[in-house]
Each structure stands twice: as structure tokens, then as C-alpha cells.
Amino acid sequence: MVEKSAPSLMSFKGGVLGPIEGENMRIAFNIVGAVLVFFGGVWVLQGVNVFAGQFMSGQMRWAVRGGIAVVAGIALLVGANRKRQRA
């Protein structure tokens, strides 16, 4: 029985080359998703006047935009980390 190396690394003759191509996109989507969730949450809190003192404070349009950013960030995180069926 042949043992396989780590599933996220591609091997070559001299050792390990690096992450496989899909792994880089997963990492990028996770970073972008986390940033969207963070900033979207801040925008929502500023829009509903929890974080006062900024030009966005008390303006519902920023709360709506922040909510959209949070939903988009969560969708990216879920999509990037979903287990995929292999053909």
C-alpha cells in the first residue's frame, strides 16, 4: 500500500513544492471574507449609532451597506470552507 503525503502539499523530486493551487484561493477567500465581516460589522454599528463620532454615525444607509458586507463575507467563508465532492 502506498502512503500519501500531506493532502495540501504537492511533492516533487527534491521535496515539497508548496500548497496546491486551490489552497491559495481558499486562503484568499477566507481573508477577504473575514475582512468583509469585520468592516461590515463596524459599519452596521456606526449606522445604528453604537459607535458615535464618525460621519457614518446614525445613518441607516451605512447600516444597510454593512449588513450586505457581513452577508457577503459569511457567504465567502462558508463557500471557501465547504467540503467538495471529488469526481
Side-chain angles (χ1 to χ4, degrees):
M1 185 165 163
V2 177
E3 291 187 36
K4 295 183 179 180
S5 61
S8 65
L9 299 176
M10 198 169 46
S11 60
F12 71 101
K13 192 173 184 179
V16 175
L17 185 61
I20 58 176
E21 135 186 357
E23 187 73 12
N24 289 333
M25 288 303 294
R26 187 184 67 80
I27 292 169
F29 285 153
N30 278 325
I31 292 170
V32 171
V35 168
L36 278 172
V37 169
F38 175 76
F39 282 109
V42 170
W43 292 347
V44 167
L45 292 175
Q46 285 181 331
V48 296
N49 215 16
V50 173
F51 290 155
Q54 301 293 326
F55 70 93
M56 293 186 272
S57 296
Q59 296 186 20
M60 282 306 293
R61 67 178 160 187
W62 286 105
V64 171
R65 291 174 183 169
I68 292 169
V70 167
V71 169
I74 290 172
L76 269 176
L77 289 170
V78 168
N81 294 303
R82 185 177 56 173
K83 298 279 184 191
R84 303 208 176 181
Q85 295 287 335
R86 297 217 175 216

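Bear in mind that the values here come from a model prediction, so they are computed numbers and not experimental data.
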Would you tabulate the side-chain donor-acceptor contacts of residues 37-53 under 3.5 Å, counting partners in other chains and residues two or more places apart, or write 'none'?
none

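Under the rule for a side chain to side chain contact (heavy atoms under 4.5 Å, CB included), the partners of Val64 that lie at least two apart in sequence or sit in another chain are Ile68.
With rounding to the nearest 0.5 Å, the separation of CG in Asn30 from CE in Met25 is 11.0 Å. Rounding to the nearest 0.5 Å gives a distance of 12.0 Å between CE of Met60 and CZ of Arg65. Considering CG of Leu76 and CD1 of Ile31, their distance stands at 12.0 Å, rounded to 0.5 Å.
Other members of a hydrophobic cluster containing Val71 are absent, since no ILVMFWY side chain comes under 4.5 Å of it, directly or through relayed contacts.
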